[in-house]
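Working notes, beginning with the structure itself.
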2 protein chains.
Amino acid sequence: MNRALCYYQVKCVEVTAARERVLAAAEQLFSAHGYAAVTLRDIAEALDIKQASLYYHAPGGKEALFVEVTLRGLERHRAGLEAALRTGGPDLSGQLKAAARWMLSQPPMDFNRMMRSDMPAISAEQAARIRAAADEALLTPLEAAFEAAVSRPHAVYLAGAFLAVVSAIHMLPEAFAPPPREEMADYLIDVLVRGLAS
Amino acid sequence: MNRALCYYQVKCVEVTAARERVLAAAEQLFSAHGYAAVTLRDIAEALDIKQASLYYHAPGGKEALFVEVTLRGLERHRAGLEAALRTGGPDLSGQLKAAARWMLSQPPMDFNRMMRSDMPAISAEQAARIRAAADEALLTPLEAAFEAAVSRPHAVYLAGAFLAVVSAIHMLPEAFAPPPREEMADYLIDVLVRGLAS
DNA sequence: GTCTATACACTGATAGAC
DNA sequence: GTCTATCAGTGTATAGAC
């Protein structure tokens, strides 16, 4: 992407490495606080550069930067989530625990906030792209896993509930999460699979 | 509150009624899109007045307005949630379904976004007040209900998971929620209580 | 690649007329 | 109660030096 900036291989390495720092900082801040709450100065400050310098790496401006890192993050989520579900073992419980571990290893994504606060703030076309990517990256693979494991209608509800709970665990403030978040997730997955009374 | 504005009873009625409109519009917008994403002009536009006119009803400005409607909303949630849990019947399932119905009847609150995006944008003291109110209004009553019904550790995890799922259902875009949200909530509560295999 | 300087729009907030 | 007018501060974005 944006290979136009890279004329020689040796140069390209440097360019993409520097650009990576920008994208990573932007992704971290956007995913943590949302599009409206994060300013370009916040991102620049995290990189210890000035706001205007961001335009060298992200000539498209704030919205394009947000869309790029969000789509990138969703694509990474899709790949990691599908891999986790595939390698999590034959039973649903193990698959879900692997999926939760994967999600907890990534920068937290607040899908509710993305849909209700971030999407209305950007152009309709870009919002539609992100919506579709989020659907394919998160809901679809989880829905398939539930569908394959339990004979129940509305597997998509279960996928959505799973996503909501894991996201909520991920976004707990540090003060509220002294036990590892993975343990919380495992605990709640056991409840989901076996029921409260077990 | 702010009774200083009311000198006569007859005047007071008008004042509080007009003020109510402002608070309701502010609460709706803030709770839907978050503190940073909503401008005073957005609120004024929803009321069909000019931005400066808001300062008659909310002399404290944007942050004070946000804190007031948020605390008000949380207090309403606390009262309604406790009532629902009390009147939901003897079994946990009925209590949770009543609680979900209550929450779905209210303007949706995105607690994750509140904690991660809205709180950092306001003063630390006000943020602490809201955090404490949210804890007491939502987590505490639900935790007590789980604790009373099932002999399990970590009832607070279950309370948090319940909140996350109901909030997520509440915030689904209309396009994704043709079946009544109450049915989704009931479905997922049944899964929670009885387990996936049932 | 990063900087300074700056243009321009938007936002929160105040003052004062009606 | 609501308005117009206005201001300072902030945010995005561009131009150009180094």
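All heavy atoms count here, side chains included; hydrogens, waters and symmetry mates do not.
Looking at B/Q95, its side chain does come within 3.5 Å of a backbone N or O of B/G89 through a donor-acceptor pair. In terms of modelled atom types and a separation under 3.5 Å, the side chain of A/H170 and the main chain of A/D110 share no donor-acceptor contact. Between the side chain of A/K62 and the main chain of A/V38, a donor-acceptor pair closer than 3.5 Å is present.
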Contact list (N/O, under 3.5 angstrom) for nucleotides 14-18 of chain D vs protein:
none

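Across the protein-nucleic acid pair, B/K62 atom NZ and D/dG9 atom C1' stand 14 Å apart, rounded to whole Å. When rounded to the nearest whole Å, the span between NE2 of A/H57 and P of D/dA13 equals 16 Å. Per the geometry, CD belonging to B/E20 stands 13 Å off P belonging to D/dG1, to the nearest Å. Here the P atom of nucleotide C/dT14 and the OH atom of B/Y56 are 17 Å apart, to the nearest Å. Between the C1' atom of C/dT11 and the CZ atom of B/F30 lies a distance of 12 Å, rounded to the nearest Å.
Side-chain contact, A/S123 with A/R129: no donor N or O sits under 3.5 Å from an acceptor N or O.
The bend of the helix from C/dG1-D/dC18 to C/dC18-D/dG1, defined by the angle between the axes of its first five and last five pairs, stands at 10° to the nearest 10°.
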Audit row: B/R19, B/E68, salt bridge (charged side-chain N to carboxylate O under 4.0 Å, His left out) steps and yes/no: CA-CA 12 Å; B/R19 193 156 195 277; B/E68 178 174 358; 3.0 Å; yes
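At the phosphate of D/dG1, neither OP1 nor OP2 sits under 4.0 Å from any side-chain N or O atom of B/S53.
A salt bridge does not link B/E183 to B/K97: none of the charged side-chain nitrogens sits closer than 4.0 Å to a carboxylate oxygen. Using a cutoff of 4.0 Å between basic side-chain nitrogens and carboxylate oxygens, A/E136 and A/R78 are not scored as salt-bridged. Between B/K50 and B/E45 there is no salt bridge, since no side-chain nitrogen of the basic residue lies less than 4.0 Å from a carboxylate oxygen of the acidic one.
Using a 4.0 Å cutoff on non-hydrogen atoms, the parts of residues 33-50 of chain B near DNA chain D are B/I49, B/K50, ordered by number.
In this structure, A/R152 forms a cation-pi arrangement with B/Y187, its terminal cationic atom sitting closer than 6.0 Å to the ring centre and no more than 45° off the ring axis.
Around atom CD of B/E63, more than 12 heavy atoms belonging to other residues, nucleotides or ligands sit under 6.0 Å away.
Nearest heavy atom pair, residue B/A164 against residue A/V165, reads CB-CA, 4.4 Å.
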